[in-house]
Amino acid sequence: MSNVFVRYFNLMLITLVILSLFSFFLAYLFPGHPIENLTGVRLADISQLENSEFKYRSGESMLVQYWHYMSALFEGNWGKSFNSGLPLYDEITNVLPASIELSSYALFLSVLVGIPLGFLAAMKHHKFTDYSLLSVSVLGYSIPVFWLALLVILIFSLQLGWFPLSGRISLFYEIPKVTGFIMLDIFLSEIEDKQAAVNNVIRHSILPTLSIALVTTTLIIRITRRSVIETMNTEFIQAAFARGLSTRQVLFRHGIRNALMPIFPLLAMQFTTLLTNAMIVETIFSWPGIGNWLIQAIYHQDYPAIRAGMLAVSALVVIFTMSIDLTIRLMDPKRRRLKRAAI
Amino acid sequence: MSCEKLIHSENEKDGIIYCSEGSPSNFNPQLDTSGTTVDASSHQIYDRLLDFDPVSGDIAPALATSWLISDDGKTYTFQLRKTVNFHSISTFTPTRTFNADDVLFSFNRWRIPTHPYHDISGGQYPYTDSLGLARLIKDIKRLNGYRVEITLHKRESSFLANLATDFAIIMSAEYAEKLVARNQMELIDHQPVGTGPYKLMDFYPDRYIRYSKHQEYWREIELTNKLIFDITPSSSLRLAKLLTSECDVIALPAHSEVEVIRQQQSLVLNEKPGLNVGFWAFNTSKPPFNNPKVRKALSMAIDRNALIEAIYFDSAIPARNLVPPTSWAYQSDIKTVSYNPIAAKKLLREQGIEEGFSMTIWAMPVERPYNPNALKMAELMQSYLLQVGINVNIVSYDWSTFRNFLTQGLHDSVLIGWSADNGDPDNFYRPLLSCDSIKSGTNRAMWCSKEYDQIINQALQFDDINERIYFYSKANEYLAEKMPILPIAHASQYQAYRKPIKGLVINPYGGIKFGGVKKH
């Protein structure tokens, strides 16, 4: 077992090192002076700075520079944004939770809707309900996220005026940042009307959550349906039927538990897809997350921000995927890899 | 809890959200003439000695209650208002009210190069530099705590108007001293202290600016508890947020969206002929654009009426002079070039510009009232100039780089413009084309003419409008002949807000004012 652990850890470490190397060389590949791209301080100011504050040694060999770059990264000194002049570490820890929050809402909603519908489709296998659910899920899966987002804005914000179309809370509420997760921050804050603030956050979250949850929901319907059909065809289920249990009894006593076991790891893997979709939807809903922030950075040619943002997102995705994969491996060692990743 | 209450809590009633178009570079309009900085600071955080009445355009008392001008027009004595409180912010609590020291500090900062604060935040004061105000003022004296005397080297009739512009703000001298002691002098422009109706609470670049009411504001006007600038660069998103009432007021509605706003029952659209000009400036320091005939020929190749239709959606009028028709220096009978590609081609060949000559048109990357879409305009002009055998490359950078490169004179020609800061025509003639304004970066034509400078300086020697008109018409003729820039349009100015907002007026002389605005 420890063998597996070491192998995964090594793989993760190597991937992260390659990512950090890539981000380091981005500073050289981007236009402008590498030191500017690394520190985010414009050259006129740099001459006034001593090397002590920014440890990048431009005179020395690449390897030494990389070493200093890495040690600065671990100290939380990620450079500054060209655009806002704020430290990138602060900026990213500000925006990343917002994206994770949005993805979590969407994952929660998808599971809540997708699993019951998947069960329904499987139980009505090859019947009208099954076929209509399947075709709806194909349709849902095929709709581009950004188009759906624009569509819901058009209908629910501009035409009906039910929901706001930008941000995650009205600017009238001043919520001091503690964790970066707005719901938590509201509970930690000392504002007067917490209920109103929470309502406001919910109203802001509904449309973006719906837009990204759709694709994941359709995926979950399909995963669940297949798993349930497989489970229902196994011999122990047939035996349960033979003992004279009703369909209802079979499903609740044996079916659900055995069908859900292989689904959960697949659900966790959806989180990275969600995060990607969330980044797209953020720009449309002006959600203050990492996707929106990165697009702004690209728009302003804010090279230090692009570099750090890319590293933060890819490292998060790598670490998350690897940890889930490892957990599954530890929980369920007998399944083969391919089977786990299939949808 | 009713549904209505769920959606609009009490919290939202005592605040106004203004969707602005960008982040200010700092909170001191002395340092930056861009409209974004002015909107975020000038009328919210600060007051001036004098103000313009937004309706009549007359100069009205503000921090100065009255003023006296000596007979030779060189000495101005201002009586200052008493019991005017400065903002109290988390890092500074004022111990005294506004007095003459604050006036001296605020003016001496840009006036005297050896002033300890002069070089803080770059040491560039584009507005006052372009008008040469520092050289004009001989001395500023404190007569007593509430009386200040300003002496000028020579008579200048636009002086009072300049003191009422968005840039002549009054800052706190006491705060400045505190910052010197703490060795944090640059904070004066980022955590400002003024006497204005709102004080700055929080600024997050590209997201928001929060202000709160100045409890002891000296003017008896209605103020809202919270004023929030929601920074939204895209104009269509601003309009969408206005429709969903996420914004109460929006900055710069696009000319193409004006019709949509008019049709909405819940919105109000204010319109006024703007005091602005959009133009095409030639870099006259570079050959062949130093040749007036080449400039004239290029101007003749452009159909300006078609540009106005396509870019401004008919919400602008074609420009004949530098100044718009609302200014008294406007001349309707001036001879301007008209669209004539054949004559243009002929004139170009005579001046030695052959078929296939290539030049750049720089198109500004941001929307401005005077030019809502410079990039599209440049593309249209590209096709017009191709007809006379000139290849055009369109150049654009992000806004701050763009302006930086323009000041260095890297362009061949540029599409840009100017919004007036006060009602005096001098505000167009001097900052745009005088020799002084090349260095301060407002003279985009890099044009320096001794004759022209002499004419516009002479105009300032007189207080009588009729006498000044004589000089400005001479200037107009001179410009029509030399053509350092081709004036294109004077665009109407719009302001859109939701019905519950009361008291918001269009300020033709620059920045938006939220003092006296309230949501009902």
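This one's a predicted model, so the numbers in the text were calculated from it and none came from an experiment.
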Enclosure of Tyr89(A) OH (heavy-atom neighbours >12, cutoff 6.0 Å): no
Asn292(A) side, atom CG; Arg207(B) side, atom CZ - distance, nearest 0.5 Å: 8.0 Å
4.5 Å side-chain heavy-atom contact, Pro164(A) and Thr244(B): no
Region of Ser286(A) in contact with chain B, defined by heavy-atom distances below 4.5 Å: side chain
Atom group of Leu86(A) that falls short of 4.5 Å from chain B, counting heavy atoms: side chain
Proximal component of Asn94(A), with respect to chain B [non-hydrogen, under 4.5 Å]: side chain
Nearest-0.5 Å distance that lies between atom NZ in Lys177(A) and atom OH in Tyr204(B): 8.0 Å
Gln264(B) atom CD, over 12 foreign heavy atoms within 6.0 Å: yes
Side chain proximity check, Lys226(B) to Glu174(A), heavy atoms < 4.5 angstrom: yes
Trace of the side-chain contact (heavy atoms from CB on, under 4.5 Å) decision for Leu165(A) with Leu237(B): CA-CA 9 Å; Leu165(A) 58 80; Leu237(B) 186 58; 3.5 Å; yes
Side-chain heavy atoms of His300(A) within contact of Asp206(B), under 4.5 Å: yes
Given Ile17(B), Ile16(B), Asn225(B), the one that forms side-chain contact (heavy atoms from CB on, under 4.5 Å) with Phe172(A): Ile17(B)
Candidate pair Ser166(A) and Glu246(B), rule side chain to side chain donor-acceptor pair (under 3.5 Å), full reasoning: CA-CA 8 Å; Ser166(A) 72; Glu246(B) 281 162 76; 2.8 Å; yes
Contact summary for Tyr173(A) and Arg210(B), nearest pair of heavy atoms: O-NH2, 3.5 Å
